[in-house]
Amino acid sequence: MVSDGANSSAKPNRATKSKDAGISNESGRFLNSIERLGNKIPNPTIMFVYLIAFVAVLSAILSWANVKVTDTVMTPVPTEQLQQLNDSLGGTLVPFDTSTGLAVTLPDYTVSEQTFAARSLLSADGVQVFFSSFVDNFAAFSVVAVVLIAMGGVGVAEHAGLMAALIRKIVNVAPRWSLAFILIFVGVISSVASDAGYLILIPLSAAAFLSVGRHPLAGMAAAFAGVGAIFGVNLLITPTDSMMTEITNEALGNIGAQPLAVTANFYFGIVCSVVLALVAVLVTVKIVEPRLGKYEMSDPLAADAEGEIDAAAEARGLRFALWSFLVVVLGVLAISLPPGAPLRDTETGELIGATPFMASLIFIISLAFLICGIFYGIGAKTLRGGDEVVGAISKTFASLGGLLVMFLMIAQFIALFNWTNLPTIAAVEAAQLLERASIPAVLLLIAFILVIFLLDIILPGLVPKWAIFAPIFLPIFASLDVAPQTLLAAYRVGDSPMNVLTPLMVYMPFIVTIAQRYKKDAGIGTVIALMIPYALWILVAWIGIFGAWFLLGIPWGPGAPVNM
């Protein structure tokens, strides 16, 4: 691996050191308060246990108080099931209107008024539901299967060394003037396999900046901004997109809304990936590097013996990976593009929308990573035989153990929370309040973004927060004719920028360690001071993009309009 260390005799600029010390002193008390508060926040899995207990008590109180709401509900008509029943009976069933006696076409939805009363989890029915549905709740939580499928292929590519090799290759061929943009942009894309971005790209970026005479902390900060502050969007469909979409669809199923495709925010993600990377470049060049000043060191950067790479083997592996990738692309095109191709819709012939191709995207991406990782391993001699491939997948699955335990409790929380009718009651009451307030939807969405941004200080993690908020806020904004993909886009905006500031971000200690290689007295205050300009400017620019996108009515993705 390319060295990411700094010579022990490095001498940071005195003015820079003094400036850093001043900022660290000013922010120290605030950061200490945040750290103390953060230490009191339980593990996310335990947090969901507490939330279930809280919902149980709250549902009992509201049920005892006979809290209920009445709302107009759209219920989907099971046309597919009825058609299958009709076909099995020989096509003899004909729907007709009992008042006129005439044949009718079944609608997609029926509209009716329904009353929703709070149901207590502490009642006999609630206890029965808790015990009898525990296994089914987890089995029906499709996020688990999506994560395992998606991460299997990525794990093989990472284990074989393909991800690290691609990052090194891009950095090595980048012209000096474009180095910051390429590092940040690769950081954005690295959310496909976030560990590779944090653990490989960030230290590599510090070394890359130093190798061309720029301050290594600026390179570290730029890459950290790309990996962390712009985490919510990408040029590709990522495993996180799948998890977010599945959680959204779990919540939408309770309000009779159509499920989202994994590409619901795809156009928005592409544009934001490029524009926000450019914003981060400007912050690096105009704010961060001038503040840091010139980095002085007496000796040239020494190569880290632990990071030595067989360049010939790596180049051979990358060639094998490229050839295998082209074969995968040709194979996917062959079963997607021709008329009547297997991945087209059998009735309409469409490729985009609710089609087999869109339903297969996660598997296709995972398969591409798997095949490219295997062939890279063959070329670079980092994988030897099928046993190592299976071992890489097993190791990846083992690393997901904590996430799967968290998903177990998220599945229970969502199912039990929905059973109590509390999300429906909260949504109806809040929607009526918002309607009476007559606040423009765009202002409510921006307020939602800011709330998520601030909450991320003490509750980092894209998926856990969305699991809490999706069942509550999706119905509220749906009542204002704001589509679920719009709220999902707003959530992405609010969640990511704070990732580079919160001391509770799991990789923050690692980032501090990287900073200390180039500045011995660096601490968390140093990193926070570096990253504040990125977080604020990216947030402001992102809100601007979101607001303009919403007001112009541009679709967020294929078949994903702004309004319902």
Please enumerate all residues that pass side chain to side chain donor-acceptor pair (under 3.5 Å) together with [X], with sequence neighbours excluded.
| X | value |
| --- | --- |
| Thr284 | Tyr534 |
| Asn499 | none |
| Thr248 | Trp466 |
| Ser496 | none |

Please answer whether the main-chain N or O of [Y] pairs with a side-chain N or O of [X] as donor and acceptor at a distance below 3.5 Å.
| X | Y | value |
| --- | --- | --- |
| Thr502 | Met498 | no |
| Ser366 | Phe363 | no |
| Tyr491 | Leu462 | yes |
| Thr486 | Val562 | yes |

Report yes if some heavy atom in the side chain of [X] is under 4.5 Å from a heavy atom in the side chain of [Y]; otherwise report no.
| X | Y | answer |
| --- | --- | --- |
| Val493 | Phe268 | yes |
| Val49 | Gln412 | no |
| Phe209 | His215 | no |
| Phe417 | Ile52 | no |
| Phe369 | Val156 | no |
| Asn265 | Val233 | no |
| Leu318 | Leu162 | yes |
| Leu445 | Phe477 | yes |

State the [atom1]-[atom2] distance between [X] and [Y], to the nearest 0.5 angstrom.
| X | Y | atom1 | atom2 | value |
| --- | --- | --- | --- | --- |
| Glu246 | Leu260 | CD | CG | 10.0 Å |
| Ile511 | Thr526 | CD1 | OG1 | 13.0 Å |
| Ile184 | Ser178 | CD1 | OG | 11.5 Å |
| Ile514 | Lys519 | CD1 | NZ | 15.5 Å |
| Lys395 | Glu388 | NZ | CD | 11.0 Å |
| Leu488 | Thr245 | CG | OG1 | 6.5 Å |

Compare every heavy atom of [Y] with every heavy atom of [X], then report the nearest pair and how far apart it is.
| X | Y | answer |
| --- | --- | --- |
| Gly152 | Ile393 | O-CG1, 3.9 Å |
| Arg492 | Gly232 | NH1-O, 2.9 Å |
| Pro203 | Tyr518 | O-OH, 4.4 Å |
| Ile452 | Gly494 | CG2-C, 3.6 Å |
| Ala535 | Leu501 | CB-CD1, 3.5 Å |
| Leu235 | Phe266 | O-CE1, 3.3 Å |

Using the rule given for side-chain contact (heavy atoms from CB on, under 4.5 Å), can you reason through Phe224 versus Val527, listing the C-alpha separation, both sets of side-chain angles and the distance that settles it, and then say yes or no? CA-CA 10 Å; Phe224 190 19; Val527 177; 4.1 Å; yes
With [X], which residues qualify under side-chain contact (heavy atoms from CB on, under 4.5 Å), at least two apart?
| X | result |
| --- | --- |
| Ala160 | Tyr376, Thr382, Leu383 |
| Ile371 | Ser324, Val328, Leu367, Phe375 |
| Lys381 | Arg316, Arg384 |
| Val188 | Ile230, Ser273 |

Would you mind writing out the side-chain donor-acceptor pairs for residues 404-411 within the sub-3.5 Å range, not counting sequence neighbours?
none

Sequence neighbours excluded, the answer for salt bridge (Lys or Arg N to Asp or Glu O under 4.0 Å) partners of Glu314 is Arg168
Without placing hydrogens or testing angles, list every side-chain donor-acceptor pair under 3.5 Å for residues 537-552, not counting sequence neighbours.
| from | atom 1 | to | atom 2 | distance (Å) |
| --- | --- | --- | --- | --- |
| Trp549 | NE1 | Ile554 | O | 2.7 |
| Trp549 | NE1 | Pro555 | O | 3.3 |

So which pairs with a foot in residues 204-223 pass salt bridge (charged side-chain N to carboxylate O under 4.0 Å, His left out), sequence neighbours left out? Arg214-Glu289
Would you say Phe397 has more than 12 foreign heavy atoms packed within less than 6.0 Å of its CZ? yes
Please indicate whether Ile149 has more than 12 foreign heavy atoms, meaning atoms of other residues, nucleotides or ligands, lying under 6.0 Å from its CD1. no
